[in-house]
Amino acid sequence: MKKMIYLCMIAGMLLATACSDDDEYVFSELPSERIEAFRTECETALKGAADGWKFVYYPQKGSYGGFTFLFRFKEKNRVEMTSDFETEVGDYSYNLNLSEGLVLTFDSYSPIHRLANPGYASPVRDGNKGFGLEGDFEFIVKDVGDGVIELIGKKTRVELNMEKATAADWSTVEKLAEMAGYFVLGNAGLGMMVNGELVVGGHVELDDIFHICTMAYKDVEGNTVTVSVPYIITAEGCRFDNDVEVAGVKFNGLEIDLSNGVTNREFVSNDADGAIRFFIMDLSPLNLTPGQVPTFVPNKYIASVDMLKNNNEYIITDMSDGLKAEWEALKEEYPNFVKFTLEMDRKSGYEGSFRVTAVNSADGKEKSHNYDFGTFTLLNNAINQVRFDNSKKSHSTSSGFTDKDLYDKDKNEHVGVIYDAFFSSKGFTVIRDTEEVFWIRSIADPNKWMKLEAD
């Protein structure tokens, strides 16, 4: 029989203020007796399930992903608990109280408290802390049914169910916890292939805290399309809240392919053809030394050119010996010289800009002379080699720039040598070292290189 605990509690409170237990009641039981009977029924159900209870919990449906918990309630208010992000079963405390109806409270820190941890910066709350996953660890018991206990989050008012678990569920959750570990990428990123072809600019981010999968790719017009969807861990990988379409492929989850080992694991779309494969791109810092740059072989899957465009301006902080000599000569000859910088995707039609910056002797402010380039081309079907279209280059100079001719590549051999090392028809290779450090290396002569650091 349905136990509408809210109505019982309200009736109980009203009657308690108007009557004593000796008064005549419409019901055959006193309100306090009915509530106590409901508590007993709930506790009997909790402890009576031999294999415990399964709890699939979406703390905020549509915002964050889902999580699977298993509980085995025992005597003395103890509960065994595990989840799809815990590899072991732990022993914790719980209680049933009458603070707001009948409330099931997990009152010692346990895996379910992670979903209420305010220390996590919520991606749907502008990255602010204090919200966490907006989960509950106190649940109002709405009803005790046949193999199902209906709950309501005390704080969030999210309605959800616990269902009787099976012995197989406990083995499955162990597998889920192992699977969840594969979604922790650390410094690695995921590149993207569709039907066996590398997708330039295609990648996926897996938020293993909030269970959100964000996939991005470029459409036929070169625009970046981003698809973000919550997920829940499964024995094969993950399942999304709803179907998605990425690069023309419709699917609703990812499966893990371990055929090349854990380190080189791939995430495969679960459509009939497995058309999309996301593969590991190790983005750990390379910490290259200048001596390693000429012969270093970049990861062919890391879209270094795209990553280089993430910052507006890079300062050239080091050069190969031959270029450095030209740089030092320029600084010695022209005291107003400050730096070289490089930009990618400066603006439409001027995707690259190579700048020579000097200080105006009159006002002490930095002024720049730009060599602006038109669209660039990725070379050799690679994602780390680039060539600018020299035919579309132009010049621009900050207002008040002094000694313009001295910093013009056609009139100053020092600038010309550095310029020509990279903006020849051969182009250059981009090597990502860290998130904000890149090396660019001449394809014509790999011994010519520059180090770029985000300004």
Side-chain angles (χ1 to χ4, degrees), residues 65 84-87 171-209 211-218 226-229 231-240 244-288 292 295-307 378-385 429-435:
D84 60 14
F85 52 84
E86 289 288 326
T87 56
S171 298
T172 298
V173 167
E174 289 183 16
K175 175 65 175 177
L176 298 185
E178 177 185 348
M179 187 63 63
Y182 299 144
F183 283 73
V184 181
L185 299 178
N187 287 321
L190 292 176
M192 176 178 174
M193 299 187 79
V194 177
N195 295 319
E197 293 187 8
L198 186 67
V199 177
V200 176
H203 67 278
V204 63
E205 296 176 4
L206 298 172
D207 190 323
D208 59 285
I209 299 295
H211 281 194
I212 299 173
C213 175
T214 302
M215 294 164 281
Y217 64 99
K218 291 185 177 180
T226 301
V227 178
S228 186
V229 60
Y231 67 84
I232 190 169
I233 296 294
T234 69
E236 292 75 32
C238 74
R239 185 180 69 251
F240 301 149
V244 299
E245 182 173 336
V246 174
V249 179
K250 293 182 179 180
F251 56 106
N252 63 9
L254 299 173
E255 298 179 357
I256 302 293
D257 181 354
L258 299 176
S259 58
N260 293 317
V262 173
T263 301
N264 297 313
R265 62 192 180 277
E266 295 187 351
F267 299 77
V268 187
S269 58
N270 65 354
D271 58 291
D273 298 322
I276 298 180
R277 301 184 76 90
F278 295 106
F279 53 85
I280 294 289
M281 298 189 304
D282 188 359
L283 299 178
S284 301
L286 297 173
N287 297 319
L288 294 178
Q292 294 172 317
T295 57
F296 179 78
V297 179
N299 185 327
K300 65 179 180 180
Y301 294 125
I302 295 180
S304 299
V305 174
D306 274 6
M307 293 179 177
L378 291 173
L379 301 173
N380 305 318
N381 198 32
I383 52 180
N384 51 31
Q385 295 183 353
T429 298
V430 179
I431 302 169
R432 178 196 182 276
D433 199 322
T434 68
E435 186 175 351

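Positions are given from 1, in the same order as the sequence printed here. Note that these values count all heavy atoms, side chains included, but never hydrogens, waters or copies made by symmetry.
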So CD1 of I233 and OG1 of T172: to nearest 0.5 Å the spacing works out to 14.0 Å
Checklist entry - Does atom CD of E197 have more than 12 heavy-atom neighbours from other groups under 6.0 Å away? => result no
Notebook entry, point to check: Does any non-hydrogen side-chain atom of L185 lie less than 4.5 Å from one of I280?
Noted result: yes
Report task. Go through the steps for F240 and L254 under the test side chain to side chain contact (heavy atoms under 4.5 Å, CB included), then give the verdict. Result -> CA-CA 8 Å; F240 301 149; L254 299 173; 3.9 Å; yes
For D84 and H211 the tightest heavy-atom approach is OD2-CE1, 4.2 Å
Please lay out, stage by stage, how I302 and N384 fare under the test side chain to side chain contact (heavy atoms under 4.5 Å, CB included).
CA-CA 7 Å; I302 295 180; N384 51 31; over 6 Å; no
dist L378:CG -> D306:CG (nearest 0.5 Å) comes out at 7.0 Å
By side-chain hydrogen bond (donor to acceptor under 3.5 Å, both in side chains), E236 pairs with (sequence neighbours left out) none
Over 60° means perpendicular and under 30° means parallel, so tell me whether F279 and Y301 are parallel, tilted or perpendicular. tilted
Those residues at least two apart in sequence (or on a different chain) that pass side-chain contact (heavy atoms from CB on, under 4.5 Å) with A247 are M192, V194, Y217
Value for OG1 (T226) from CD (E205), rounded to nearest 0.5 Å, stands at 9.0 Å
In short, P285 meets T434 closest at the heavy-atom pair CB-CG2, 3.7 Å
Problem - Exceeds 12 heavy-atom contacts within 6.0 angstrom, atom CD of E435 - result: no
To the nearest 0.5 Å, atom CG of L258 lies from atom OG1 of T263 at 10.5 Å
Correct closest heavy-atom pair for R432 and L286 would be O-CD1, 2.9 Å
Applied to residues 266-275, the side chain to side chain donor-acceptor pair (under 3.5 Å) test, sequence neighbours excluded, yields N252-N270, E266-R277, S269-D271
Interatomic distance, SG@C238 vs CG@L176, rounded to 0.5 Å, equals 11.5 Å
Taking every heavy atom of I256 against every heavy atom of G237, the minimum-distance pair comes out as CG1-CA, 4.0 Å
Quick check against the 3.5 Å criterion: does N380 have a side-chain atom that pairs as donor or acceptor with the backbone of A382? no
One should read off an interatomic distance between F183 CZ and L190 CG, to the nearest 0.5 angstrom, of 9.5 Å
Between C213 and Y231, the two heavy atoms sitting closest are N-CD2, 3.6 Å
Does a side-chain heavy-atom distance below 4.5 Å link V204 with F267? no
Take M215 and V229, measure what side chain to side chain contact (heavy atoms under 4.5 Å, CB included) needs, and give me the verdict at the end.
CA-CA 9 Å; M215 294 164 281; V229 60; 4.1 Å; yes
On a heavy-atom basis, the closest approach of L198 and M193 is N-CE, 3.8 Å
